[in-house]
Amino acid sequence: MNPLNDPLRSHLPNATWFATAPGRVNLLGEHVDYNDGPVLPAAIDRAVRIAAAPRKDRLAHITALDLNETAAFDLEHLPEKVDVNGKPLPGWALYPAGIAWALQSRGLPVSGLDAVFTSDVPMSAGLSSSAAVELAFSVIWQALGGWQESPMSLAHISQQAENAYVGVKCGLMDQFASAHGVEGCALYLDTRSLLWHAIPLPPHTAIVIADSGIRRNLTASAYNERRSACETAVSLLQTQIPGIRALRDITPSQFAAHAGILPSPVRERARHVVEECSRVDRAVALLQAGDARGFGQLMFEGHASLRDLYQVSIPELDALVEIAREVPGCWGARLTGAGFGGCTVNLVEDQAAETFMNTLKTHYEKTAGRQAQIYLCHASRGAHLETYL
């Protein structure tokens, strides 16, 4: 975008740096990251955008344009999590403040700035709006500081900010995807080794995201129960399969042979993880072959597993998937994110996308009695500075 036509410019006329960081959607590999498994996210072309200008003092003066709120904090007093008036920082400001804190904890110079940011990543919908904010500010402070870190390092810094400063115990996938996005590609990430590679999505396809309108409500107890079940499964299966460290180390055939020693619901939770890891690995070959139909079938299978075995779906998400299944041009659909609300992700033929979106929206309203927000997306580039001539 030409800066002369950029709406951020009117709010910060002296801006010298502009950055963009995308949200993400997970195509396959749900609830496997804390089991060391592989995931298959994609950055999407909905993003956080920031305009920034350096300051000569040690203050960060930041405006969240969409909220019409401004916060200012001193870079010398970040651990206190207060603004310049000594009041607690608003929740949204903890993310940029957390990035500044994490950067300084690693000895990287962080300068004062004026910044304004906006986002078209829906909040609390499972599309990693917070990770996009974190990566955008990481890129901006990197530019202002004149230092250079790898995208993976920026992802780890952003995760550190969210875990240790904001207080949300997320994994690395969200920040990884926002940092490493490749246009037109899914990103295969091994969450144990952190080795990754981009895989082109099938040609002539689009990603359609459907927001159920139910805000995610994955309670701490529900999340902890599932993590605990996975840990219990590993402990019990280690007596039969020596050397395993996590559920990702178990093949579906090994699991089938030894699942009888697991109590319910531990058995069902573990089966989902083992089979979901296998689905992600099988998906790689299908994507490399451009097989949209085969990949989409794995998406449907993944949703059924999340619904029946891991039990993190809700009727509204199930309705969106079942409606999508019957619409021509839809290759696959599943819930995306932690579950208990949020969104579904759909792989759809480009030329059928508009009709698909209208049909899904109409039938969902009739079935669920509520409206869904539908977003047409494509896999996009990761966090970067915008360069203007």
Side-chain angles (χ1 to χ4, degrees), residues 6 8 11-12 15-24 43 46-55 58-67 69-79 81 83 89-121 123 127-168 170 172 174-181 381-386:
D6 193 328
L8 293 180
H11 293 273
L12 193 63
T16 54
W17 295 101
F18 295 78
T20 296
R24 72 97 186 95
R46 283 181 166 268
V48 170
R49 298 187 60 251
I50 296 181
R55 294 175 62 101
R58 295 289 291 161
L59 297 183
H61 192 277
I62 301 172
T63 297
L65 200 57
D66 308 316
L67 301 175
E69 292 185 16
T70 296
F73 51 85
D74 191 326
L75 296 172
E76 300 300 327
H77 297 285
L78 291 171
K81 303 181 185 179
D83 65 16
L89 286 172
W92 65 265
L94 290 173
Y95 293 92
I99 291 298
W101 170 83
L103 292 171
Q104 289 187 163
S105 74
R106 295 175 179 231
L108 294 167
V110 179
S111 61
L113 56 68
D114 293 315
V116 57
F117 74 96
T118 184
S119 174
D120 61 359
V121 185
M123 296 179 64
L127 301 178
S128 301
S129 57
S130 59
V133 171
E134 292 157 2
L135 265 298
F137 275 95
S138 296
V139 169
I140 280 290
W141 262 309
Q142 178 172 252
L144 290 172
W147 42 266
Q148 190 69 41
E149 292 286 320
S150 69
M152 188 63 82
S153 178
L154 293 182
H156 278 292
I157 288 166
S158 298
Q159 183 195 20
Q160 178 188 357
E162 189 152 348
N163 288 175
Y165 195 88
V166 180
V168 177
C170 64
L172 184 65
D174 296 356
Q175 291 81 4
F176 159 80
S178 185
H180 292 85
R381 180 182 176 188
H384 62 280
L385 288 174
E386 295 285 356

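Since the model is a prediction, treat every value here as computed from it, not as a measurement.
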message: Between I157 and L108, is the side-chain contact (heavy atoms from CB on, under 4.5 Å) condition met? List the steps.
response: CA-CA 11 Å; I157 288 166; L108 294 167; 4.1 Å; yes

task: Could you check R381 against T20 for side-chain contact (heavy atoms from CB on, under 4.5 Å), going step by step and ending with a plain yes or no?
output: CA-CA 9 Å; R381 180 182 176 188; T20 296; over 6 Å; no

Step-by-step side-chain contact (heavy atoms from CB on, under 4.5 Å) determination, I62 to L113: CA-CA 8 Å; I62 301 172; L113 56 68; 4.0 Å; yes

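Distance alone, capped at 3.5 Å, places no donor-acceptor pair between the D114 side chain and the P54 backbone. Looking only at distances, no side-chain donor or acceptor of S178 sits under 3.5 Å from a matching main-chain atom of D174. Side-chain atoms of D120 come within 3.5 Å of backbone atoms of A47 as a donor-acceptor pair (strictly under, hydrogens ignored). At least one donor-acceptor pair closer than 3.5 Å links the side chain of K81 to the backbone N or O of Y165. In this structure, the side chain of W147 engages the main chain of P109 through a donor-acceptor pair within 3.5 Å. The backbone N or O of L75 sits less than 3.5 Å from a side-chain atom of Q104, completing a donor-acceptor pair.
Taking the side chain as every heavy atom from C-beta outward, E149 and R106 never approach each other to under 4.5 Å. Using a 4.5 Å heavy-atom threshold, the side chains of V133 and P96 count as touching. H384 is not listed as a side-chain neighbour of V139, based on a closest heavy-atom distance of 4.5 Å or more. Residues L385 and Q142 are not in side-chain contact: their nearest non-hydrogen atoms beyond the backbone lie 4.5 Å or more apart.
Contact record, A53 with T16: CA-OG1, 3.9 Å, taken as the closest heavy-atom pair. Scanning both residues, A155 and Q175, for their nearest heavy atoms gives O-CB, 3.5 Å. The two residues G23 and A132 come nearest to each other via the heavy atoms N-CB, 4.1 Å. Nearest heavy atoms, A93 versus F73: O-CE2, 4.4 Å. Closest heavy-atom contact between A383 and L135: CB-CB, 4.0 Å. Shortest non-hydrogen contact noted between L78 and A97 is CD2-O, 4.0 Å.
Between F137 and F117, the ring planes are perpendicular. Angles over 60° get that label, and only those under 30° would be called parallel.
From H180, atom NE2 reaches atom CG of L154 across 8.5 Å, with rounding to the nearest 0.5 Å. Atom-to-atom distance recorded for D83:CG and H61:NE2 is 10.5 Å, nearest 0.5 angstrom. Atoms CG and OG, on L59 and S111 in that order, are 11.5 Å from each other to the nearest 0.5 Å. From W92, atom CH2 reaches atom OG of S129 across 14.0 Å, with rounding to the nearest 0.5 Å. Taking CD of Q159 as the reference point, atom CZ of F176 lies at 12.5 Å (rounded to 0.5 Å). Put simply, CD on Q148 and OG on S153 are 10.0 Å apart, with the number rounded to the nearest 0.5 Å.
Using a cutoff of 4.0 Å between basic side-chain nitrogens and carboxylate oxygens, D74 and R58 are not scored as salt-bridged.
Side-chain contact annotation: Q160 with S105, donor-acceptor N/O pair under 3.5 Å present.
Each of L12, T70, L8 was evaluated against T63; a single residue qualifies, T70, per the side chain to side chain contact (heavy atoms under 4.5 Å, CB included) test.
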